[in-house]
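Working notes, structure below.
In what follows, residues are counted from 1 in the order of the sequence shown. Just so you know, ligand 1 is whichever comes first in the structure, and atom 1 is the first atom listed for that ligand.
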Amino acid sequence: MLVMDPKRWLPTTKKEVEARGWDELDVIIISGDAYVDHPAFGHAAVARMIEAQGLRVAIVPQPNWRDDLRDFKKLGRPRLFFGISSGCMDPMVNHYTAAKRKRSTDAYTPGGQSGFRPDYAGIVYSNILKDLYPDVPVLLGGIEGSLRRVTHYDYWSDELKPSILVDSRADLLVYGMGEQPLRDILKLLQKGVPFSSLRTIPQTAFLQSKDNPIPKNKNWETVELASHETCLKDKKTFAGNFKIVERESNKQFAYRLTQDVGDQTLIINPPYQTMTEKEIDASFDLPYTRMPHPKYQKRGTIPAYDMIKFSVNMHRGCFGGCSFCTISAHQGKMIASRSQESIMKEVEQITEMPDFKGYISDLGGPSANMYKMKGKVQEICDRCVSPSCIHPTVCHNLDTDHQPLTEIYKAAADHPKVKKAFVASGIRYDLLVPKDKKQEEDINADAYIDQLVKHHVSGRLKVAPEHTSDDVLKMMRKPSFKYFHAFKKKFDKLNKKNGTKQQLIPYFISSHPGSKVEDMANLACETKDMGFRLEQVQDFTPTPMTVGTVIYYSGYHPYTMKKVYTARSAKEKKDQHRFFFWYKRGERKWIERTLEKVGRPDMVKKLLSRNQKVDQ
Ligand code: SF4
């Protein structure tokens, strides 16, 4: 077993704090995930950033909330504040399936064991801290805080909940990626500004009495959302609120938002500008050990860590704006890209890891091929209110040049200790099917696909058409299925030319708002015609803060205010899902009956004709 010096990690126990010669801590981070000292884990990124400011910080990972709360007391009270990050996933998504069944494993815990964090973890942790240390400020961050910062639909309790600040009693919420707000918060606290006076830090939210005036900031205009209580009474109003929240989350120069809730007012300050290359490099270049804390050595591997330990994240943000996805609500629409130098430095670090066998598992990002992409004319982007840069069509102002990305792929592949550098993140194929030869040359699409398919696909390339019906795809803010056909044609041609047998693995979703049984039958027919037996399929999960979730709850599309059909009952959802498995003998009769019931007997023949093998 590898012997590791715990002093290389940030302290997690009193003994480790003392070993650093510290008699007090400035900040204590409570984490719902196990402590993995790697930039992909939010608690580590934030704690390393606090350390870099010269402050004393410790992490309490996965504290026991069911005993005498000794984990919350063991490090005493911090000088500045407690920070909470309940994990890389919303705890409810982590704990339950789309069918609301409890999961038996947790990828962010050693041994994949479940039961190491509570449901609604941020609320539970914060209340414990507020009871134990009423006078120590609590700062709530992470995905859970971000996605629950304003009135939101909670699928698991099937109700609208107010901002998480109400139930958690936290003093301040940081949404999005935490480095920029934290940098300014720490700077002000170090200057002696009281925590309660931090009222105009961008990308933060807080509650104040309705009687107090809105804090002054001459650079921000303020927009008032409908109150939480009005949303409870009127689903359409809730849908309308979402449109404003989404628009302001993605704008370059956004408004400050306010929302009354009970006798308080929620204030959400606008986000920071997109991180510069220097800023994002600084975050990734912090002295991470890139490994889980050694205390977990006897508890088994951490599945989420195993998945990413040899991978490199090259950028943050996603301009896709897919209606079921929360990435832009958390990381924003604009892309923050690392420099090639910083990326290659991380590749070098990976090659030095003791169990590295020569394979980088992913050179990726939220979408693999958005690296360095941005508006050609920034002033146009500065005024833009679109939630997506590529839906309904790729924006004429978006520079989709793939060359910088191709260069990094080549540099990683050329590293003497790298046998293969794979791309496992999903790619946006609609960016790779330009309308003519000239555009193809401008964006270097063919050179990119060629490099990708020849050198960076492990046999299977992930793509996410998500549906085949154009009406549903429009609802999902996804490109027409014709783009998938066009990309597959290119992909197959390259395979032939290179003599390779790479496969495309398409991902699909059932029960998304707008999807009917006939659409699922159509999906089954189309993918059957293309020769696919689908394996990567999932049922729509209404996570907080997506367009899809707002439609699921309210029945209205927040941008058009038109009613949208949505499969809601367990039976409706299950029925849609069954169409993925049309080739199973046990499903034939049911599919036949269902399609006849919805008046589409024509599809029965198309889908169940015997010219393809049917599984037993
Ligand atoms: S102008 Fe185009 S590229 Fe710029 S943010 Fe808007 S949609 Fe995106």
Ion pair Lys345/Glu348, N-O distance below 4.0 Å: no
Close approach, Met334 and ligand 1, non-hydrogen under 4.0 angstrom: yes
Centroid separation Tyr429 to Tyr483 less than 6.0 Å: no
Residues Glu179, Arg316: salt bridge by 4.0 Å N-O rule: yes
In the protein, N/O/S atoms that are found under 2.8 Å from atom 8 (Fe) of ligand 1, waters not counted: Cys389 SG
Only pairs under 3.5 Å count here: list side-chain donor-acceptor contacts from residues 559-566, not counting sequence neighbours, and write none if there are none.
from	atom 1	to	atom 2	distance (Å)
Tyr559	OH	Glu246	OE1	2.4
Thr560	OG1	Lys562	N	3.1
Tyr565	OH	Glu572	OE2	3.0

Reference residue Glu277; test salt bridge (Lys or Arg N to Asp or Glu O under 4.0 Å); the match among Arg338, Lys372, Lys374: Lys372
Between CE on residue Met545 and OG on residue Ser249, distance to nearest 0.5 Å: 4.5 Å
